[in-house]
Amino acid sequence: MKIFRRHQFESEMETELGFHIQAYIEDLVRSGMDPAEAQRRARVEFGAVEATKDECRQAWGLQRLDDLRADLRYTFRALRQNPLFSSIAILSLAIGIGANTAIFGLVDAVMLRLLPVRDPGRLVFIQNVGSQGANGGPPYPCFELFRDMAHSFEEMAAFSRSNMEIGINGDREQVRGVYVSGNFYSMLAIKPLMGRALSAADDQTVGKGGPDGPVAVISRAFWRQRFGGNPAVLGTTIRLFDSTATIVGIMPSEVMSLEPGRPIDIAVPMMLSDPASLRDRGAWWLDVVARLKPGIQAERARAESDALFQGFMTKLTISPDIRRIAFDHIELAPAGAGMDSLRKTFSKPLTALLILAGLVLLAACVTVANLMLARATARQKEFAVRLAIGAGRGRLIRQTLTEALVLVGVGATLGTILALRGESALAAYFAEGNNQIILDLSMSGRVLLYTLAVSILTGVAFGLLPALRAARVDPAAGMQASSRSLSGSRSSLRLGRALVALQVGLSMVLLAGAGLFIHSLRQLESVDLGFTRQGILTMDVAPERALFGSQQWLTLQTEILNHIRRMPGVRSAAWSTMTPLNGRDRGEVLDVPGFSPRIETDRHVHLVAASPEYVTTLGIPLLLGRTFTERDGANAPKVAMINETTARFYFGDANPIGRKMVFATIQGTPTYEVVGVVKDSKHQSLRGKPWRFLFIPIQQAPDRINRLTLSVRCSNDAMASAAPAVKQILGTRSGLLITNISTIERQVQFSLMKERLVSTLSTAFGALALILACIGLYGVLAYGVTRRTGEIGIRMALGATRGEMVGMVLKEAIRLAAIGIVLGIPPVLALGRVSSALLYGVGAFDVPAFTIAVAVLLTFAVFAGIAPAFRAGRLDPASALRCG
Amino acid sequence: MKELNPPVELVQGTLDMLILKAVSLGNLHGYGVLLRIQQLTGGQLQIQQGSLYPALYRLERQGLIASEWGESENKRKAKFYSLTAIGRKRLKAETESWSRFSALVAGILGALPEKP
């Protein structure tokens with residue numbers, strides 16, 4: 001019999017005992033006894049039926065369950081009777097637990113989760129490492145060497161992310177692709193959702209693939225978004241750059257590649273990538289993943305591949321400096337959770353957020369503990385009665401703990417629902433912008449377990465204190481006491497005050513922390529970018545492939561610019577190989593006559609090829625000399641502009657105008673003459689030192705430039721209409737591929753995503769803690785006034801004014817807030833120090849953030865004190881004295 | 001008091017053993033267990049009838065006996081108890097330890113003073 005089939009248990013027990021008594025009666029009657037006497041006798045000899053039943057229930061193990069049931073029933077009744085108490089408590093807990101669940105969900109998705117691949121523990125990345133850290137995998141020929149010669153690995157695969165141009169039914173588009181060696185998916189045991197995965201057979205012949213010809217697989221997300229989830233897409237042929245590929249399978253989106261969070265649309269075999277790159281012994285474009293043989297130590301595998309690598313490197317011509325910096329030796333990194341760029345980016349912000357969420361939960365615990373204490377005080381009499389009529393103290397403790405756990409249970413359920421909502425908002429936030437991050441924030445078992453653990457801990461944390469106090473009630477004193485002078489109420493008021501001060505302290509930490517992050521974000525937002533933020537539209541444009549590297553494309557560029565410049569509201573427009581913060585970069589090696597490099601990297605600059613109006617369009621100030629003009633054409637003398645940092649680095653204080661710069665590694669070593677110097681501008685992020693930049697005219701670029709970014713500077717009111725208008729102009733030229741339509745302003749914003757995330761969430765947490773502290777303050781002040789009614793009456797009777805009484809309560813409010821603020825100072829400092837890596841332009845102790853937090857707390861403390869203060873002021877001395 | 005020997009009080013903890021013994025002789029309902037024990041003891045053992053049931057429930061909970069609903073001699077619905085395999089083992093062990101214990105006690109109580 002199952003213990004929850006309670007009704008059956010009861011009725012069967014009834015039947016069984018009834019049968020016994022009845023059978024005995026019959027036997028007695030049969031032996032000649034009078035029936036009435038027999039009944040009496042049977043009942044006497046059987047004993048108390050109800051007591052027997054109770055013992056049976058106990059013997060069956062139902063006693064505890066019954067107690068629990070009673071406790072629960074009692075708790076729910078009590079909570080219903082006190083809707084204000086219950087809703088504040090539950091809401092506080094829901095917020096605290098919800099915040100923690102949501103943030104931990106983020107931590108889980110970003111930091112903790114392994115990829116759904118076979119035996120992730122033995123997967124390693126094989127990486128080149130130099131003095132400046134890890135640097136991807138080796139060139140393709142070296143990968144082949146590893147794959148064929150290294151015995152420590154069961155299997156090895158290479159992959160490389162790359163934007164790809166595809167054509168579907170004549171439409172050209174750019175997709176996010178990855179080249180993978182044919183065995184990539186089988187080695188990781190990633191199964192296709194439909195069709196088949198790529199196989200080693202598909203990756204045999206350069207440019208051709210395998211027996212099925214060139215094939216590709218697409219991600220589920222891309223399948224749904226681009227093909228509407230139509231299964232007929234399997235077997236269709238799409239254009240892939242200048243060739244074609246047949247779609248043979250649909251793969252799970254999150255394991256298209258091994259870079260968590262980065263969406264990939266399509267995967268094609270390695271052999272379909274650029275043949276020159278595959279041959280090039282000095283091209284560093286791969287990532288390599290391998291599976292260690294069982295029982296092989298990682299160090300042995302590392303040593304083996306490093307030996308092969310060193311042998312490979314001796315036959316490669318490479319500057320010793322570069323070799324030392326980037327390609328010194330081989331190291332293995334765990335690959336079970338994929339590449340760690342996402343983890344590296346978010347580990348610090350997430351740690352900070354987890355700490356802040358923990359503080360919010362602590363504040364919620366303190367709030368509820370305080371509420372429960374107040375209730376326990378109010379229920380002292382009830383507890384005294386229960387103790388007096390024989391309830392055990394253990395029973396009372398259990399009752400109070402049950403109440404706490406019920407509150408936590410309801411709070412946790414509500415919190416989980418809140419967290420789910422929050423997570424979808426967070427996922428949407430991460431998926432914004434050009435560099436989308438796709439997070440799977442569905443509740444994993446680990447997150448739910450975390451929530452459960454946090455909830456139980458929470459329940460015990462705030463339930464234990466009131467529970468122990470409940471058990472300390474002295475029945476005699478508790479029953480004698482009048483409702484107003486309860487024993488122990490002085491100490492419980494003191495405890496209440498301490499808890500409120502703690503709450504204020506927690507709010508102080510959260511508010512000052514939020515202030516710190518907001519201030520830091522403001523500093524970043526107002527940092528001198530070196531270019532104009534507003535009014536610049538950008539988009540990437542590529543010509544049709546027939547025009548690649550042709551004079552026609554150059555002509556078309558000029559033509560388009562002329563057309564766009566005539567548009568209403570357009571001030572200027574320009575082409576360039578990259579724009580600030582769009583994530584692109586290109587390096588070049590220079591020889592600068594008159595400058596002797598100390599190490600190889602001294603010769604490196606970042607190169608931008610741009611049309612004449614580029615610096616004007618971006619609003620980058622010209623400091624010296626001139627910008628490019630239409631006259632700086634393909635056949636004119638080659639000219640360049642440099643930024644301040646480049647000028648200072650190569651020429652010191654000397655005038656750079658007229659100096660020469662030579663591209664050292666490009667055929668014919670073309671030489672450019674510096675004609676202008678522009679101001680430094682941010683490029684990769686808003687933080688950090690400016691880089692050395694060199695600008696040259698597109699017409700004079702040493703190599704063909706096909707994909708370009710078009711920047712259009714508009715008046716503010718034309719911004720909204722400009723994008724479609726420009727697109728329309730581009731649309732009239734056949735075959736242009738337009739991608740990443742955006743604005744500089746949006747790109748600046750997206751580059752601050754991390755900072756915005758932290759400042760927004762910490763502000764929300766600060767506000768929540770503030771509200772909780774106000775509730776606590778109000779509660780303890782109101783209770784204080786009630787308790788001191790008599791005292792206030794006496795004071796007023798002795799001549800104290802109402803104003804003085806109001807002041808007394810407000811002073812108490814401020815005193816409590818001040819204690820809390822002082823308590824909060826050391827953790828505020830610690831928080832500042834811990835999160836210093838996240839901060840920009842503010843110190844760990846930021847005076848404005850600190851001052852504002854203090855001002856806000858004191859203001860709200862006064863607000864919380866107003867109602868109790870006026871109640872104290874309105875007391876009628878005569879009746880107050882009678883009450884006291 | 002018509003009997004010569006006064007009724008014997010049940011030694012603490014022996015009721016379980018008696019129930020196991022009674023049930024081992026054939027399936028019985030609760031009242032049957034009582035009758036069987038009285039029969040085995042010649043009516044010399046004082047058992048509060050009601051106290052039988054908590055003991056039965058406890059033994060069933062421990063898996064020493066099993067229960068099944070059936071029909072009594074006078075065609076009424078009754079719950080019958082039977083000994084399980086574990087119960088049988090337990091009864092054997094208890095019986096052995098009881099006889100050792102009682103032999104020991106009897107030996108001590110029956111000891112004669114040593115001759116000097």
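Just so it is clear: chains get the letters A, B, ... in the order the sequence lines come, proteins before strands, and each one is counted from 1.
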Assert top hit (heavy-atom pairs under 4.5 Å, partner chain B, pool A/Ala59, A/Ala51, A/Ala48, A/Gly18) equals A/Ala59

Can you find a pair of side-chain heavy atoms, one from A/Met13 and one from B/Tyr53, that are under 4.5 Å apart?
-> no

Keeping the roles fixed (side chain from A/Glu45, backbone from B/Gln48), state whether a donor-acceptor pair exists under 3.5 Å.
-> no

Would you say B/Arg61's side chain and A/Trp60's backbone share a donor-acceptor pair under 3.5 angstrom?
-> yes

Evaluate whether atom [atom1] of [X] has more than 12 neighbouring non-hydrogen atoms of other residues, nucleotides or ligands under 6.0 angstrom away.
X	atom1	value
A/Glu14	CD	no
B/Glu68	CD	no
A/Lys53	NZ	yes
B/Arg36	CZ	yes

Looking only at B/Gln62, B/Arg58, B/Glu60, most heavy-atom pairs under 4.5 Å shared with chain A are made by B/Glu60

Chi angles and distances behind the side chain to side chain contact (heavy atoms under 4.5 Å, CB included) call for B/Lys79, A/Phe19 = CA-CA 9 Å; B/Lys79 197 166 161 193; A/Phe19 169 80; over 6 Å; no

Note: B/Pro54 and A/Cys56 closest approach over all heavy atoms is N-SG, 3.6 Å

What closest approach, in Å, do A/Phe46 and B/Gln49 show between heavy atoms, and which atom pair accounts for it?
-> CA-CB, 3.8 Å

At a heavy-atom separation under 4.5 Å, does A/Glu26 approach chain B through its side chain, its backbone, both, or neither?
-> side chain

Is it the backbone or the side chain of B/Glu73 that comes under 4.5 Å from a heavy atom of chain A, or both, or neither?
-> neither

So which bits of residues 24-35 of chain B come within less than 4.5 Å of chain A, counting non-hydrogen atoms only?
-> B/His29, B/Gly30, B/Tyr31, B/Leu34, B/Leu35

